[in-house]
Amino acid sequence: MRVQSSATTVSRIAVAPERDRPGLGTLQAALGVIAFSLTFPATAWGLEGFGPWSLVAVRSVLAAVIAGGALLALRVPLPARRHWFGLAVVAAGVVLGFPLLTTLALETSTTAHAAVVVGLLPLTTALFSALRIGTRPSRTFWAAALVGAAAVLAFTVQQSGGALSTADVYLFAALLVCAAGYTEGGRLARVMPGWHVIGWALVLCLPLTVPAAAFALTQEPVQLTAHSVTGLLWVAAGSQFLGLVVWYRGMAAVGIPKASQLQLAQPLLTLVWSVLLLGEHLTVAAPLTAAAVLVCIAVTQRARG
């Protein structure tokens with residue numbers, strides 16, 4: 001009983017300062033967005049040498065090794081039993097569901113088309129937050145969020161030609177599971193450090209991801225190249241662990257709805273990386289959409305719930 005009380009006290013001490021520094025929280029959430037913006041281009045690189053199932057399973061195992069090593073080294077106690085359901089939702093949404101669904105989509109979709117997911121993700125996360133933890137953002141907040149989401153959606157759909165395909169089914173399903181995982185992770189990050197949230201979620205998945213990785217690697221061809229290895233390492237260490245660490249810390253500090261609106265910039269960042277890393281081309285609509293998105297972000301960050 002004393003150990004559990006001590007762990008709770010440590011968690012409160014570790015989490016409380018984050019909520020007292022909204023500026024730092026915004027910065028952390030923004031760093032998470034930058035990390036996530038590289039996910040689709042890195043996944044495209046990874047698919048050059050791995051099959052979709054191998055890439056997702058191996059990235060989860062590698063990320064779990066990093067997270068588990070940190071948890072063991074720092075002797076972090078197991079989470080309280082009441083938090084395990086929330087961790088399972090995080091695991092299902094951001095460790096397994098979103099990576100698998102978007103990777104399957106990227107087999108036939110461009111990164112520009114896949115960006116429609118993260119264009120709608122901020123609004124979907126805010127909706128999940130309102131339903132799950134009762135947040136009530138202001139009308140100004142919702143208006144700016146809807147305008148920003150509409151601008152990003154229109155831009156990304158225009159970039160991809162507006163065609164619906166099987167990839168779209170994967171992308172919209174990924175949108176829902178990721179929003180649920182973000183919301184639950186943001187809620188848990190209020191009572192435990194953000195890196196504990198994603199760390200335990202990754203470890204929780206090991207009984208599934210280890211045998212899945214072993215099986216997938218025997219069924220799908222593997223070609224180790226500079227691109228495929230770099231892509232795998234980034235989605236494992238950057239997107240799957242480090243990005244989520246700062247993202248959950250940011251959400252705990254500034255609130256889930258406001259942090260989620262920073263992701264309005266993510267599709268545009270992804271398109272920039274797509275040009276630099278994948279050789280894709282942008283239209284003149286990009287800077288106009290970027291300006292509209294930045295205005296919406298500024299409004300949502302100032303709006304009071």
Side-chain angles (χ1 to χ4, degrees), residues 1-36 39 59-96 98-99 125 128-129 132-133 135 178-206 235-260 262-263:
M1 179 68 75
R2 219 178 325 178
V3 172
Q4 184 176 5
S5 176
S6 175
T8 302
T9 301
V10 171
S11 293
R12 287 175 179 171
I13 291 174
V15 175
E18 297 174 20
R19 293 199 297 265
D20 295 337
R21 293 180 288 178
L24 178 59
T26 300
L27 175 61
Q28 290 171 329
L31 290 174
V33 169
I34 294 173
F36 299 153
T39 300
R59 71 180 270 186
S60 296
V61 171
L62 291 178
V65 169
I66 297 171
L71 291 169
L72 284 174
L74 296 175
R75 298 181 180 180
V76 177
L78 288 172
R81 184 174 297 179
R82 66 182 182 277
H83 298 320
W84 281 103
F85 174 79
L87 290 171
V89 174
V90 174
V94 302
V95 175
L96 298 177
F98 186 79
T125 302
F128 269 76
S129 174
R132 179 67 177 91
I133 61 180
T135 56
C178 188
Y182 277 176
T183 299
E184 202 64 28
R187 185 187 67 81
L188 288 172
R190 293 179 174 182
V191 296
M192 67 174 71
W195 78 273
H196 289 192
V197 176
I198 185 58
W200 286 119
L202 285 163
V203 171
L204 185 64
C205 290
L206 278 174
V235 293
S239 302
Q240 193 83 75
F241 182 62
L242 297 177
L244 285 167
V245 168
V246 292
W247 174 243
Y248 283 141
R249 286 173 66 93
M251 282 199 295
V254 301
I256 295 173
K258 285 189 177 182
S260 69
L262 291 172
Q263 281 194 306

Practice task
To the nearest 0.5 angstrom, please state how far the NE2 atom of His196 sits from the CG atom of Leu74.
Solution key: 7.0 Å

Exercise for the section: Search all heavy atoms of Ala201 against all heavy atoms of Ala91 and return the closest pair with its distance. Expected result: O-CB, 3.7 Å

Practice task
Evaluate the side-chain proximity of Val95 to Ile198: yes if any heavy-atom separation is below 4.5 Å, no if none is.
Solution key: yes

Exercise for the section: Determine yes or no for a side-chain-to-main-chain donor-acceptor pair under 3.5 angstrom, with Thr183 supplying the side chain and Ala180 the backbone. Expected result: no

Exercise for the section: Fit a plane to each ring of Phe241 and Trp195, take the angle between them on a 0 to 90° scale, and name the class: parallel (under 30°), tilted (30 to 60°) or perpendicular (over 60°). Expected result: perpendicular

Fill in the blank from the handout: Heavy atoms of Leu202 and Ala67 approach each other most closely as CD1-CB, 4.0 Å

Practice task
Report yes if some heavy atom in the side chain of Tyr248 is under 4.5 Å from a heavy atom in the side chain of Leu188; otherwise report no.
Solution key: no

Completion exercise
Closest non-hydrogen atoms of Ser239 and Thr39, given as atom of the first, atom of the second and distance, are OG-OG1, 2.7 Å

Problem - Shortest non-hydrogen separation from Leu262 to Ala29 and the atoms involved - result: CD1-CB, 3.6 Å

Exercise for the section: Look up atom CZ in Phe98 and atom CZ in Phe36, then write down how far apart they are to the nearest 0.5 Å. Expected result: 9.0 Å

Exercise for the section: Report yes or no: does Gln28 contribute a side-chain atom to a donor-acceptor pair with the main-chain N or O of Met251 at less than 3.5 Å? Expected result: no

Problem - Closest contact, heavy atoms only, Pro99 versus Arg59 - result: CB-NH1, 3.5 Å

Practice task
Search all heavy atoms of Ala259 against all heavy atoms of Trp247 and return the closest pair with its distance.
Solution key: O-CH2, 3.2 Å

Exercise for the section: Would you mind reporting whether Gln240 and Val235 have side-chain heavy atoms less than 4.5 Å apart? Expected result: no

Practice task
Answer whether the closest heavy-atom distance between the side chains of Val90 and Trp200 falls below 4.5 Å.
Solution key: no

Handout entry: Euclidean distance, Leu71 CG relative to Ile66 CD1, rounded to 0.5 Å
Key = 12.0 Å

